[in-house]
Amino acid sequence: MTESPTPPPRIALQNVAKRFGANAVLRDVTLEVGRGRSLVIIGGSGTGKSVTLKCVIGLIEPDSGTIRLDGEDITHARGRRRDALLNRFGMLFQGAALFDSLPVWRNVAFRVLQTRPAKDAREIAIEKLRRVGLTPDVADRFPAELSGGMQKRVGLARAIAAEPEIIFFDEPTTGLDPIMADVINDLIREIVSEMGATAMTITHDMTSVRRIADDVAMLHDGVVQWLGPIADLDNSANPYVDQFIHGRADGPIAAVR
Amino acid sequence: MMVLGTLQRLVAAVGAATLGLCAGAGRLAIFAAGSVSHVFRPPFYFGEFGRQLLRIGYFSLPVVGLTALFTGAALALQIYAGGARFNAETVVPSIVAIGITRELGPVLGGLMVAGRVSASVAAEIATMRVTEQIDALTTLSTNPQKYLVAPRLLAATLALPALVAVGDAIGILGGFLVGVGRLNFNEGAYMKNTLDFLEVGDVTSGLVKAAVFGFIIALMGCYHGYFSGRGAQGVGRATTNAVVSASIMILAANYMLTDIFFGN
Ligand SMILES: Nc1ncnc2c1ncn2[C@@H]1O[C@H](COP(=O)(O)OP(=O)(O)OP(=O)(O)O)[C@@H](O)[C@H]1O
Ligand SMILES: [Mg+2]
C-alpha cells in the first residue's frame with residue numbers, strides 16, 4: 001500500500017508471454033503507455049504486434065505476465081468485469097473486420113446503437129465517416145462494395161465512433177494512398193492531442209510513426225528491444241531500431257530469403 | 001518388437017481419438033448450454049431473429065415442399081404395390097398419412113434443411129471467425145454467442161415445425177394426387193380414409209421431432225462455424241462437418257424420439 005506520487009500508467013504490460021503450440025510469439029513483453037499518450041509499436045512481420053494488442057483488449061489470454069489498466073490487474077478479467085472494460089476501448093483491426101451483413105453506417109454506429117436511437121446514431125456515423133474522408137453516400141453501401149482502403153477507413157470510423165478513452169489502431173494507413181494516409185495520421189494525432197485519448201498504434205510506415213508517436217516500442221523475437229520517446233528514435237544506438245528505421249536487409253534482424 | 005511398436009502406436013492413436021472425441025463432446029455441450037441460456041437473457045436481437053426466421057423458415061419452403069410432394073407420391077405407389085400382395089390396397093391413404101406425418105415429413109424435411117441451412121450458417125459464421133468479425137463483436141461489447149448463435153437456434157427451432165406442418169400437408173396431397181390420378185381411388189373416399197385414421201399424436205410427434213431437428217441444424221452450423229480453423233480451408237471444413245454431423249445427429253435423434261413416442 002505505497003502512495004505513489006504519480007498516477008499509474010494507463011496501460012502497463014509486465015513480462016507478458018504467449019505461445020501458440022510450439023510457436024512462442026511473445027516471450028517477455030514489458031511496456032507502458034502513459035495517460036493521453038500515443039505509443040507506436042514497430043517490428044517485423046509476424047513478431048506478435050497484433051497479438052500484443054489482442055492480449056491487452058482481452059481477445060487472447062496471455063500464458064503468463066500481467067496487464068494493468070490504471071494500475072488494476074486486468075490480465076484475466078472475464079464476464080461483467082471484461083464487459084465494463086471493453087466499453088472504454090476501441091479497436092481497428094488489421095483486416096478491418098467489418099460486419100458483412102450490415103450497411104456501412106450500422107457498422108460505424110454499432111456501439112452507439114446500443115444506447116442511442118437509430119436517427120442520432122446514423123448522424124454520428126455520417127459525421128465519423130466524414131472525418132475519415134468518406135462521403136455520406138457510402139453510409140448505405142455494404143462493406144463488400146467498398147475498396148480495401150475504404151474498408152480500412154470505415155473500420156477506423158467504427159473504432160472512434162463511441163469516443164473511447166483507449167484506442168488501438170492495427171496498421172491504420174496500410175493500403176491507403178499517401179494523401180489519405182496523411183489525413184488518417186492527422187486524425188489519430190488529433191484524437192490523442194485534443195480528445196485526450198490513449199492510443200496504441202501498429203504501423204510499418206515510418207512517416208506515420210513520426211507523425212503519430214509520442215513513444216515508440218520496437219518488438220522483435222518476442223521481446224521489446226527498445227522503448228523510448230520519438231525524439232530519441234534516430235539516435236537510439238539500438239541495432240534493431242537502426243536496421244528497422246533505415247530498412248536495411250543486413251543487421252541483427254535476419255531477413256530470410 | 002516391430003509388432004509391439006505398431007500395436008503401441010495403434011493403441012495410442014485410438015486413445016488420442018477417444019480423448020479428442022470426449023473433448024469435442026464437452027466443448028459442444030458447453031457451447032450448446034451457453035447459447036441456449038442466451039436465448040432467455042436480454043438483450044434480445046429481434047432484427048437478427050427476424051432475418052434468420054425468414055432465411056431458415058421461409059426460404060426453405062420450396063425445398064421442403066417439393067421433397068414432401070415427391071415422397072408422398074412415391075409412398076402411395078409403394079404402399080399400393082405392397083398392399084396388393086394381400087389385397088389391402090385400401091390402406092394407401094392412411095399409411096401415406098401416417099408415414100408422412102410421423103416419419104418421412106420430419107426426417108426428410110430435416111435432412112434437406114440441414115443441407116441448406118447448416119451449410120450456410122457454418123460458412124457464414126466461419127467466415128466471420130476467419131475475418132475477425134467475431135473478435136470485433138466482442139470488442140464492441142456484444143457477446144457473439146448471444147448476437148449470432150441464440151437467434152439462429154431459436155429461429156430454426158421454431159421454423160422447422162412450421163415447415164414440416166406445411167410439408168405434411170403437401171406430402172399427403174402428393175399421395176392423394178397419385179391415388180386419385182393413377183390408382184383409381186375415389187376423391188372423397190381417399191380424403192375420408194386419410195382423416196378417419198390419422199390421429200393427433202401422429203402429427204404432433206412429427207412436429208416435436210421437427211423442433212428437435214431444427215435445434216440440431218442450427219447448433220451444428222453455429223458450432224462448426226464458431227470453432228472453425230483458420231483460412232479458406234477452415235471455412236470449407238466447417239461447412240462439410242456441419243452438414244455431415246447435423247444429418248447423422250438428426251437420424252440418431254429420430255430413432256431415439258421414435259422409441260420414446262412409439263416404442264413399448
Ligand atoms: N489465433 C492464433 N492462433 C495461432 N497462431 C496465431 C494466432 N494469432 C497469431 N498467431 C501467430 O502469432 C504470430 C504473430 O502474429 P501477429 O498477427 O501478432 O503478427 P504481427 O506482428 O501483427 O505481424 P504483421 O505485421 O504481419 O501483422 C504469427 O506467427 C501468427 O501465426
Ligand atoms: Mg498484425
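All values below were derived from every heavy atom in this structure, side-chain atoms included, with hydrogens, water molecules and symmetry-related copies excluded. Lettering of chains follows the sequences in order, A, B, ..., and the numbering in each one begins at 1.
Rounding to the nearest 0.5 angstrom, the gap separating the OG1 atom in B:Thr138 from the CZ atom in A:Phe89 is 13.5 Å. For the atom pair NZ (A:Lys54) and CD (B:Glu132), the distance works out to 3.5 Å, reported to the nearest 0.5 Å. Between the CZ atom in A:Phe99 and the CE atom in B:Met128 there is a gap of 6.0 Å [rounded to 0.5 Å]. From A:Ile57, atom CD1 reaches atom OG1 of B:Thr139 across 5.0 Å, with rounding to the nearest 0.5 Å.
By the neighbour-count criterion of 12 heavy atoms within 6.0 Å, atom CD of A:Gln114 is densely surrounded, having more than that number from other residues, nucleotides or ligands. For A:Phe20, the CZ atom is densely surrounded, since the number of other residues' heavy atoms within 6.0 Å is greater than 12. Residue A:Arg80 qualifies as open at atom CZ: its count of foreign heavy atoms under 6.0 Å is 12 or below.
Contact detail for B:Ala136 and A:Ala97: the closest heavy-atom pair is CB-O, 3.8 Å. Closest heavy-atom contact between A:Leu102 and B:Arg51: CD2-NH2, 4.2 Å. Closest approach of A:Arg111 to B:Leu140, counting heavy atoms only: NH2-CA, 3.6 Å.
Using a 4.5 Å cut-off between heavy atoms, B:Leu137 contacts chain A through both its backbone and its side chain. Contact annotation for B:Thr131: only backbone heavy atoms (N, CA, C, O) come within less than 4.5 Å of a heavy atom of chain A. For A:Asp83, the part lying under 4.5 angstrom from a heavy atom of chain B is the backbone only.
Within residues 109-126 of chain B, no residue has a heavy atom under 4.5 Å from a heavy atom of chain A. Listed by sequence position, B:Ser141, B:Thr142, B:Tyr147 are the residues of residues 141-154 of chain B in contact with chain A, using a 4.5 angstrom heavy-atom cutoff.
Options A:Leu98, A:Asp100, A:Leu85 differ in how many heavy-atom pairs under 4.5 Å they form with chain B, and the most are formed by A:Asp100.
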